[in-house]
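Each remark here refers to the structure printed beneath this line.
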There are 2 protein chains.
Amino acid sequence: MTAPLDRTGSQSLWAQLEADLRRRIELGDFDRRFPTDLELTEEYEVSRHTVREAVGHLQRDGLLKRQRGRGSVIERGEFDQRLGALYSLFAEIEAQGVEQCSEVLFLGETVDDEVAAQLGLDAGSALFKLERLRFAGTEPLAVDRAWLPAELAAPLAGSDFSHTALYNELAARCGCRPDRGWERITPVVPTDEERALLALEDGTAAFRVERLGQYDGAAIEWRVTIIRGDRYRFFADWSAATPASLRLGPTH
Amino acid sequence: MTAPLDRTGSQSLWAQLEADLRRRIELGDFDRRFPTDLELTEEYEVSRHTVREAVGHLQRDGLLKRQRGRGSVIERGEFDQRLGALYSLFAEIEAQGVEQCSEVLFLGETVDDEVAAQLGLDAGSALFKLERLRFAGTEPLAVDRAWLPAELAAPLAGSDFSHTALYNELAARCGCRPDRGWERITPVVPTDEERALLALEDGTAAFRVERLGQYDGAAIEWRVTIIRGDRYRFFADWSAATPASLRLGPTH
DNA sequence: ACGTATTTGTTCGTATGTATT
DNA sequence: CAATACATACGAACAAATACG
């Protein structure tokens, strides 16, 4: 069933194992249950150390959660990846035990030449668009618009995004997930429409986060998120020795 | 020199080692050279595997770079990242060859109980206050207000801050410079006064950066900076492997 | 409620490969 | 070429958390 690993030294065993596990996760091979370390050592005929190295990478990338005594379970929840500032906001909220959900405002195909340019596509290219109002508990926290190349994102058409993270669906159905990219953050005065959606008062400001996600060198995601500035802000701790990494969190 | 690790099982050895290495990095212990794996195994009397676990975390957090044959070298990054976002803005502007200067709006002693509380001082304590309008070339970019304990900052009274950085004067005259602290960033609609100072149009937003600077564990600086949001914003590049670190720069 | 089996986490040891000095 | 230093890979044992009878 599983191809044996190449031991000529062309590539490390754990990297091959990791790649094969990613492939099989996307294929849905482990939908019922993810194998234990021992099972993987036997199936691939490698040491447990090698298994742990490979599975550890999957864990750090947020594809798995491992727990002593319980085993490894594939992460399907509303968990974007540990990537950039946007993720940290939603992770922080999750960590505080507030349930997140979304109201899907739009889901389907559109054409937008500006976005197409960001994604490196020709003008007029079909785009998959997902527009959501995101809630922390019952309180609206952000308006989130994401565009992906329609060709790539076609399998997402039937997904329910009210409780599912875009990246998890992308990984599960399209076999890819942004692995690099950049974000750009500006302060804005929200539009009337945004103010209405977010229940913002007059005279308040918001963050506008623009985000480009790349996979295998190609742009696959353009996202614009408007985040309430009265409830959320960026934090950074810094010291002379360590670089400051900002995170987004509630103002308390 | 280095405290031995606790082997009662209260915490994993690698976590203790990681913490100690972080501490020593901050202290500057390894400024000349970071130890090799072998040296760490001998110094801390743990196995190489344990060393790799600890140092691997530092590497993933971007504090170190490890290379075969070469060793581990501390990642000092760009100078801009080391002192938070505010510093990075001014460094970025400097790097682009734009001359910076400031118009001093206020320089002297004041009393402000809110600020005193931030600095951990008693209400009514005398504070040194510096308020500046900062320019990049001829264009105003930020309103910058800084408070320091008057006792500490007394030697700054006669300085000319129109062309001098606060930290350089602080280091030169007071013998200290913030080595740790935190920042908090919110989007705001500027006040009429701020809008006038920054030549901002109606309906534009700005960043409000609050900053607490510490030296030797004590708060020595409280700063509130209003930065034009139409000309400057935050950027972050991220990848699945390294955490995103944000920097502030012009919109171009 | 308790003890046992399972599963991941931690830690040691050892050997070899590969890139740099 | 030799020495150094990190990467990869094997093996083994115990600890800690969980699941199950």
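Residue numbers start from 1 in every chain, and the chains themselves are labelled A, B, ... in the order their sequence lines are given, proteins ahead of strands.
What separates CZ of A:Arg48 from P of C:dG13 is a distance of 18 Å, to the nearest Å. The separation between B:Glu18 atom CD and C:dG9 atom P is 16 Å, rounded to whole Å. The distance from atom CZ of B:Arg33 to atom C1' of D:dT4 is 11 Å, rounded to the nearest whole Å. The CH2-C1' distance, from A:Trp14 to D:dA7, rounds to 10 Å in whole Å. Rounded to whole Å, atom C1' of C:dT8 lies 15 Å from atom CG of A:Leu58. For the pair B:Glu53 CD and C:dT8 C1', the computed distance is 13 Å after rounding to whole Å. Between the P atom of C:dT8 and the NE2 atom of A:His49 lies a distance of 16 Å, rounded to the nearest Å. In this entry the distance linking CG of A:Leu38 with C1' of C:dG9 reads 15 Å, nearest Å.
Here B:Arg68 does not reach the OP1 or OP2 of C:dG17: none of its side-chain N or O atoms lies under 4.0 Å away. Dashed line: the shortest gap from a side-chain N or O of A:Thr50 to OP1 or OP2 of D:dT8 is not under 4.0 Å. Phosphate contact (OP1/OP2 of C:dT8, side-chain N/O of A:Ser72, threshold under 4.0 Å): present. Here B:Arg7 reaches the OP1 or OP2 of C:dC12: one of its side-chain N or O atoms lies under 4.0 Å away. Within the 4.0 Å cut-off from OP1 or OP2 of D:dC6, not a single side-chain nitrogen or oxygen of B:Arg70 is found. Side-chain N/O atoms of B:Arg52 include one lying less than 4.0 angstrom from OP1 or OP2 on D:dA7. For the OP1/OP2 pair of D:dA7 and a distance below 4.0 Å, the side-chain nitrogens and oxygens of B:Arg66 include at least one atom meeting the criterion.
One finds a salt bridge joining A:Arg24 and A:Glu43 here, because a Lys/Arg side-chain nitrogen approaches an Asp/Glu carboxylate oxygen to under 4.0 Å. For B:Arg233 and A:Glu210, the salt-bridge test passes: some basic side-chain N is under 4.0 Å from an acidic carboxylate O. Using a 4.0 Å cut-off between a side-chain N of Lys or Arg and a carboxylate O of Asp or Glu, B:Arg211 and B:Glu221 qualify as a salt bridge.
A:Ser47 comes within 4.0 angstrom of a nucleotide base, judged by non-hydrogen atoms across all strands. Using a 4.0 Å heavy-atom distance criterion, A:Ser12 is classed as a sugar-phosphate-only contact.
Mapping A:Glu45 and A:Gln67 onto DNA chain D by nearest heavy atom places A:Glu45 closer to the 5' end of the strand.
When the shell of 6.0 Å around CD of B:Glu39 is examined, it contains more than 12 heavy atoms from other residues, nucleotides or ligands.
Side chains of B:Ser72 and B:Arg66: a donor-acceptor N/O pair is present below 3.5 angstrom, by distance only.
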